[in-house]
Amino acid sequence: QVQLVESGGGSVQAGGSLRLSCAASGFTSRPSSMAWFRQVPGKEREGVATIYGYYTTRYADSVKGRFTVSKDNAKNTLYLQMNSLKPEDTAMYYCAVDMRFKPLSLTALDYNYWGQGTQVTVSS
């Protein structure tokens with residue numbers, strides 16, 4: 001069974017850092033892309049960062065320079081290092097996998113596997 005298990009969320013002060021992890025299992029082939037999305041109640045799910053291959057990445061303008069996406073192939077784990085956090089970064093963060101070959105997409109509809117989400121709260 002395909003499973004994405006996320007961890008690392010929490011509550012931090014503005015300017016602080018968090019590192020999210022997403023452990024992937026149950027895949028029989030390599031995903032096209034892995035990505036992080038975030039969502040606030042009442043708003044559309046927003047693409048944050050994605051990685052394709054070993055180190056090809058793409059970021060939303062709102063997080064560029066502050067967030068870094070990476071992966072550990074040996075552990076089948078995706079990471080999101082979040083620095084200089086702002087209150088507007090507060091959201092539920094989701095790990096996503098694309099098996100339909102939409103590399104580097106930051107569009108939620110292009111992804112067909114999702115984690116359960118982990119809450120990030122940034123206070124001022």
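It should be emphasised that the depicted structure is a prediction, and the values quoted were computed from it without experimental measurement.
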Test Gln116 against Glu6 for side-chain contact (heavy atoms from CB on, under 4.5 Å), laying out the working first. CA-CA 7 Å; Gln116 79 286 355; Glu6 300 163 333; 3.6 Å; yes
Could you give all pairs that pass the side chain to side chain donor-acceptor pair (under 3.5 Å) test and reach residues 13-22, with sequence neighbours left out?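 Listed by first then second residue: Gln13-Ser123, Ser17-Asn83.
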Looking only at atom types and distance, does a side-chain atom of [X] sit under 3.5 Å from a main-chain N or O of [Y], one as donor and one as acceptor?
X      : Y      : result
Lys71  : Tyr52  : no
Arg66  : Ser84  : yes
Ser105 : Thr107 : yes
Thr118 : Gly9   : yes

Kindly indicate, with the supporting measurements, whether the criterion side-chain contact (heavy atoms from CB on, under 4.5 Å) is fulfilled by Tyr94 and Arg45. CA-CA 9 Å; Tyr94 298 90; Arg45 191 164 295 188; 3.6 Å; yes
Disulfide bond (SG atoms under 2.5 Å apart) contacts in which one or both residues fall within residues 27-124, not counting sequence neighbours: Cys22-Cys95
Please collect all disulfide bond (SG atoms under 2.5 Å apart) contacts where either partner lies in residues 57-88, sequence neighbours excluded, each pair once. none
Please tell me if the side chains of Ser62 and Arg38 come closer than 4.5 Å, counting only heavy atoms from C-beta onward. yes
Is any side-chain heavy atom of Gln119 closer than 4.5 Å to a side-chain heavy atom of Thr90? yes
Cluster partners of Tyr113, using ILVMFWY side-chain heavy atoms under 4.5 angstrom, listed by chain and number? Val2, Leu4, Val12, Leu18, Leu20, Phe27, Met34, Trp36, Val48, Ile51, Tyr59, Val63, Phe67, Val69, Leu78, Leu80, Met82, Leu85, Tyr93, Val97, Met99, Val120, Val122
Using a 6.0 Å cut-off, check whether atom CD of Glu88 has over 12 heavy atoms from anything other than its own residue. yes
Please find the pair of heavy atoms, one from Lys102 and one from Asp110, that lie closest to each other, and give the distance.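 Reported closest heavy-atom pair: NZ-OD1, 3.3 Å.
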Ignoring hydrogens, what is the shortest heavy-atom contact between Ser124 and Ala14? Give both atom names and the distance. CA-CB, 4.3 Å
Checking Lys64 now: which residues fulfil salt bridge (charged side-chain N to carboxylate O under 4.0 Å, His left out) with it, not counting sequence neighbours? Asp61
How long is the gap from CG on Asp98 to OG on Ser33, to the nearest 0.5 Å?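 So the gap between those two atoms works out to 5.5 Å.
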Taking ring-ring contact (aromatic ring centres under 6.0 Å, His included) as the definition, give me every residue that meets it alongside Phe37, ordered by chain and number, with sequence neighbours left out.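 By the ring-ring contact (aromatic ring centres under 6.0 Å, His included) rule, Phe37 matches Tyr111, Trp114.
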